[in-house]
**Q** 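Sending over a structure as structure tokens; questions will come in a sec.
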Amino acid sequence: VNFELSEELAALQESVRRLARDKVKPRAREIDETGEYPDDLFDAFAAAGLLGLCIPEEYGGSGAGILGLTVAIEEVAKYSNTAALMLLLTRLPTGPVMIAGSEEQKKRYLPGIAEGASRAAFGLSEPGAGSDVVGMRTRATPDPGREGGWVLNGLKCWMSGVAQADWYTVFAKTGDPVSRRHDAITAFIVDRSADGVSVGSLDRKMGVRGVDTGELVLEDVRVGAENVIGEVGGFRLAMLGLNSMRPIVAARGIGLAEGALMYATEYVQGREAFGGTIADFQGIQWEIAKMAVEIEAARLLTYRAACLADAGKFTREHVPYLSMAKYHATEVAVKASGLALQLLGAAGYMKDHPTELWYRDARQLTIVEGTSQVQLGLIARGVLDHDLWWD
Ligand SMILES: Cc1cc2nc3c(=O)[nH]c(=O)nc-3n(C[C@H](O)[C@H](O)[C@H](O)COP(=O)(O)OP(=O)(O)OC[C@H]3O[C@@H](n4cnc5c(N)ncnc54)[C@H](O)[C@@H]3O)c2cc1C
């Protein structure tokens, strides 16, 4: 067991820490208030090579892997979960392509993401199918006019980055539309420029503003066989992609929790009351201590999950460890942001401090990419099946 980051990853952590302090921190409040996509941060991430962290070198990335992206997101999320989401979106839609895509797909779609020339988004959820993804209604039927081609119709929703994306990884029913069998669902790459593709309504969100979330409308969208990711009926790919994403979402949680606890700690150390400072009270110190323990536990779970994912261990037997990281880190983010707000008192409730922003942003994390309840279900299944067993 080695708990140290490699030299390369420690250097990455240091450089992203600086970039986050210099460029992300001063912009966080403004991004929240305007809700405008921060092109300046995207450009800064591109210039620093952060958009290609999880993309292999042969496709234009730096090959720092999921652990590399996790470490970078943790730093950025200390100040802005919107900025952290921008980095996350370099992996969520590209994951299925990297796991099961053809060589041609990898060459065509990955270098653009790594260099910042293109953006992508991930379409799994639908208005009637969130946690219950197999209930999706989007359909892909064989294209009578094109050998091996497909025609897609349907509506995806709550898609992060939908308005900025140049292409989408979209899941659709290729088998019986009412079937609950996994082999009835297939992953496709859909170009934004394809006929019949449009962005529908955009959501009015309580947090993580600045990266739009909204609908993708697919009306008679014709794609070729070359747009199928992996096999027809390869829905397992969605699960593998999401399993491998758990540490990356978790990183958004631990970064937010660290930022919130550090901010609140410095505040109580400077807040004079009762002839001393608020930090002098043992009741306050114990809250800080308990949160520090939770953050470090979440970090360990997250880094282990990232190492597992980098080793290709994101199949069923590893699911409990991956889900634990996502579950714990995102729940810790909610708790830490709540504690930070409370420790600042009235000041924490006001927009003069970032605590209320962290509080709103954190709530997203326990919902996306598998809610906390869904993660608990996956962890429980692992124990019940003895995939997670201590004997
Ligand atoms: C800001 C934001 C961004 C998002 N970005 C994307 C994106 O980029 N791409 C995408 O495809 N989706 C995205 N989503 C959608 C997200 O993945 C879904 O919201 C999530 O999967 C939950 O689905 P749901 O909202 O329909 O909740 P539901 O599935 O309706 O669940 C409602 C409640 O019931 C609980 N529940 C559901 N099933 C169970 C169960 N089996 N056991 C116990 N409790 C259960 C849930 O935990 C939840 O508390 C985004 C959502 C948000 C809020």
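Note that ligands are numbered from 1 as they come in the structure, with each ligand's atoms numbered from 1 the same way. Residue indices begin at 1 and follow the sequence shown.
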**Q** At a 4.0 Å threshold, what atoms of ligand 1 neighbour a non-hydrogen atom of L124?
**A** 11 (O)
**Q** Do V170 and L216 have side chains that get closer than 4.5 Å, going by heavy atoms?
**A** yes
**Q** Identify, for atom 26 (O) of ligand 1, the protein heavy atom at the shortest distance, and state residue, atom and that distance.
**A** G130 CA, 3.2 Å
**Q** Quick one: do R192 and D166 make a salt bridge, cutoff under 4.0 Å?
**A** no
**Q** Is there a donor-acceptor pair closer than 3.5 Å between any side-chain N or O of K173 and the backbone N or O of V134?
**A** yes
**Q** I need the nearest protein heavy-atom contact for atom 51 (C) of ligand 1: residue, atom name and distance, please.
**A** V368 CG1, 3.6 Å
**Q** Would one find an N or O of V374, backbone or side chain, under 3.5 Å from an N or O of ligand 1?
**A** no
**Q** Are there protein heavy-atom neighbours of atom 38 (N) of ligand 1 below 4.0 Å?
**A** yes
**Q** For atom 49 (O) of ligand 1, state which one of R209, R363, Q373 supplies the nearest heavy atom.
**A** Q373
**Q** Which of parallel (below 30°), tilted (30 to 60°) and perpendicular (above 60°) describes F188 and W150?
**A** perpendicular
**Q** Any non-hydrogen side-chain atom of P93 less than 4.5 Å from a side-chain atom of Y168?
**A** no
**Q** Specify the protein heavy atom at minimum distance from atom 46 (C) of ligand 1: its residue, its atom name, and the distance to 0.1 Å.
**A** T371 OG1, 3.6 Å
**Q** So is S125 polar-close to ligand 1, meaning N/O to N/O under 3.5 Å?
**A** yes
**Q** Looking at D132 and R180, is any side-chain nitrogen of the basic one under 4.0 Å from a carboxylate oxygen of the acidic one?
**A** yes
**Q** Among all protein heavy atoms in this structure, tell me which lies nearest to atom 20 (C) of ligand 1, with the distance rounded to 0.1 Å.
**A** I367 O, 3.6 Å
**Q** Looking at ligand 1, does any of its N/O atoms fall within less than 3.5 Å of an N/O of W158?
**A** yes
**Q** Got a sec, which residues hit side chain to side chain contact (heavy atoms under 4.5 Å, CB included) with A48, two or more places apart in sequence or on another chain?
**A** L19, L50
**Q** Numbering the atoms of ligand 1 from 1, which are under 4.0 Å from a heavy atom of Q364?
**A** 1 (C), 2 (C), 3 (C)
**Q** Using 4.0 Å as the upper bound for N to carboxylate O, is an ion pair formed by K23 and D43?
**A** no
**Q** Is it true that S62 and E57 share a donor-acceptor pair across their side chains at a distance under 3.5 Å?
**A** no
**Q** Tell me whether F122 has any N or O atom under 3.5 angstrom from an N or O of ligand 1.
**A** yes
**Q** Does atom 33 (C) of ligand 1 have any protein heavy atom closer than 4.0 Å?
**A** no
**Q** By number and element, which atoms of ligand 1 are closer than 4.0 Å to a non-hydrogen atom of M159?
**A** 7 (C), 8 (O)
**Q** Out of all atoms in ligand 1, which are within 4.0 Å of some heavy atom of E369? Include the element for each.
**A** 17 (O)
**Q** Does this structure show an ion pair linking R236 with D183, if we count only N-O contacts that are shorter than 4.0 Å?
**A** no
**Q** Would you call E104-K107 a salt bridge at under 4.0 Å N-O?
**A** no
**Q** Just distances here: any N/O of S160 and N/O of ligand 1 closer than 3.5 Å?
**A** yes
**Q** Looking at atom 42 (N) of ligand 1, is any protein heavy atom nearer than 4.0 Å to it?
**A** no
**Q** Could you tell me the residue and atom name of the protein heavy atom closest to atom 29 (O) of ligand 1, and the distance to it rounded to 0.1 Å?
**A** S131 OG, 2.6 Å
